[in-house]
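No experiment lies behind these values; they were computed from the predicted model shown.
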Amino acid sequence: MKDVRSVFQISRSIWFILTVVYVVIFGLYWNKPNRFVNILHAFQMGSYLTLAISLTLIAFVAFAFDLLFDWFHSLFFAEGSWLFYADNTLIRLFPQKLWVDAFIWAGAFTLFFAFLFTLITRSAFKRLYIQS
């Protein structure tokens, strides 16, 4: 479980750093309309891309979870380190349904925030164009 904790901590750190970077960029260009429009376009494209990737991953969870699960583990963990017998305590503590649900919830939260960001950028574009 040390490798799982390590992957989770790295992911959480990356998420936190990117959040801070986005807030700083947004703040720096808030009062510079010409540059702010470019930042809004980048954020909007990023939210569209996030929506597309999230929908694709949710489709994989729904229709090919085992394949997605294998890809995920081959990407982040040493080969074979995550394979256990069905009667293993770890498998009984963390059954496949738990992971399916976790992937669905993570995808749903990602979709929600990407959609929210899309709405925020659209609203900002409308305000910028109405004011100019």
Side-chain angles (χ1 to χ4, degrees):
M1 293 300 288
K2 287 180 185 178
D3 53 351
V4 173
R5 181 176 39 192
S6 174
V7 168
F8 180 75
Q9 287 174 340
I10 290 169
S11 300
R12 187 177 55 193
S13 297
I14 290 170
W15 178 83
F16 179 75
I17 290 167
L18 287 175
T19 301
V20 170
V21 167
Y22 290 151
V23 168
V24 168
I25 289 172
F26 203 78
L28 287 174
Y29 292 104
W30 180 257
N31 291 327
K32 300 173 185 170
N34 293 338
R35 291 184 181 170
F36 189 65
V37 169
N38 294 335
I39 298 298
L40 282 178
H41 278 293
F43 284 168
Q44 190 174 48
M45 289 299 111
S47 65
Y48 290 155
L49 182 61
T50 301
L51 285 169
I53 291 170
S54 296
L55 288 170
T56 302
L57 288 175
I58 289 173
F60 262 101
V61 169
F63 300 111
F65 179 77
D66 291 335
L67 182 61
L68 177 66
F69 200 71
D70 289 347
W71 284 347
F72 175 82
H73 282 87
S74 67
L75 183 64
F76 292 107
F77 300 99
E79 187 175 338
S81 69
W82 56 275
L83 298 172
F84 301 98
Y85 292 110
D87 63 344
N88 187 289
T89 304
L90 199 57
I91 299 299
R92 290 193 318 245
L93 286 172
F94 302 106
Q96 184 174 0
K97 180 167 178 9
L98 172 97
W99 298 112
V100 169
D101 292 347
F103 272 75
I104 289 171
W105 277 105
F109 280 123
T110 304
L111 278 174
F112 172 76
F113 284 107
F115 184 71
L116 182 65
F117 220 89
T118 301
L119 293 178
I120 289 169
T121 55
R122 283 186 182 186
S123 174
F125 276 127
K126 286 180 184 176
R127 287 182 183 179
L128 282 174
Y129 291 127
I130 289 172
Q131 291 174 2
S132 38

* Report whether V23 and V20 are members of the same hydrophobic cluster (ILVMFWY, side-chain heavy atoms less than 4.5 Å apart, transitive linking). => no
Rounded to the nearest 0.5 angstrom, the CG-CD1 distance for L68 and I58 is 11.0 Å
- Query: Do F113 and F16 share a hydrophobic cluster, counting only Ile, Leu, Val, Met, Phe, Trp and Tyr and linking them when any side-chain heavy atoms are less than 4.5 Å apart?
  - Reply: no
In short, G107 meets S54 closest at the heavy-atom pair O-CB, 4.4 Å
Rounded to the nearest 0.5 angstrom, the CG-CD1 distance for L111 and I104 is 11.5 Å
Hphob cluster co-occupancy, L98 + F72, side-chain heavy atoms under 4.5 angstrom: yes
One should read off an interatomic distance between T121 OG1 and I39 CD1, to the nearest 0.5 angstrom, of 12.5 Å
One should read off an interatomic distance between F125 CZ and F36 CZ, to the nearest 0.5 angstrom, of 8.5 Å
Is L55 linked to F115 within one hydrophobic cluster, defined over Ile, Leu, Val, Met, Phe, Trp and Tyr using a side-chain heavy-atom separation of less than 4.5 Å? yes
Same cluster (ILVMFWY, side-chain, under 4.5 Å), I53 and F63
no
Minimal heavy-atom distance between P95 and W99, with the atoms involved, is O-CD1, 3.4 Å
To the nearest 0.5 Å, atom CZ of F112 lies from atom CZ of F109 at 9.0 Å
Check: Less than 6.0 Å separating the ring centroids of Y22 and F43?
Finding: yes
Point to revise | Crowding at CZ, F8 (>12 non-hydrogen neighbours, <6.0 Å) | key: no
### Query
Ignoring hydrogens and geometry, is there a side-chain-to-backbone donor-acceptor pair from T50 to G46 under 3.5 Å?
yes
Rounded to the nearest 0.5 angstrom, the CE-OG1 distance for M45 and T118 is 9.0 Å
For residues 22-51, the salt bridge (charged side-chain N to carboxylate O under 4.0 Å, His left out) pairs (sequence neighbours left out) are none
Can you check whether W71's main-chain N or O pairs, donor with acceptor, with S74's side chain at less than 3.5 Å?
-> yes
Under 4.5 Å between any side-chain heavy atoms of F103 and L57, yes or no? no
**Report entry** S6 and I10: CA distance, side-chain angles, deciding distance, side chain to side chain contact (heavy atoms under 4.5 Å, CB included) verdict
**Finding:** CA-CA 6 Å; S6 174; I10 290 169; 3.9 Å; yes
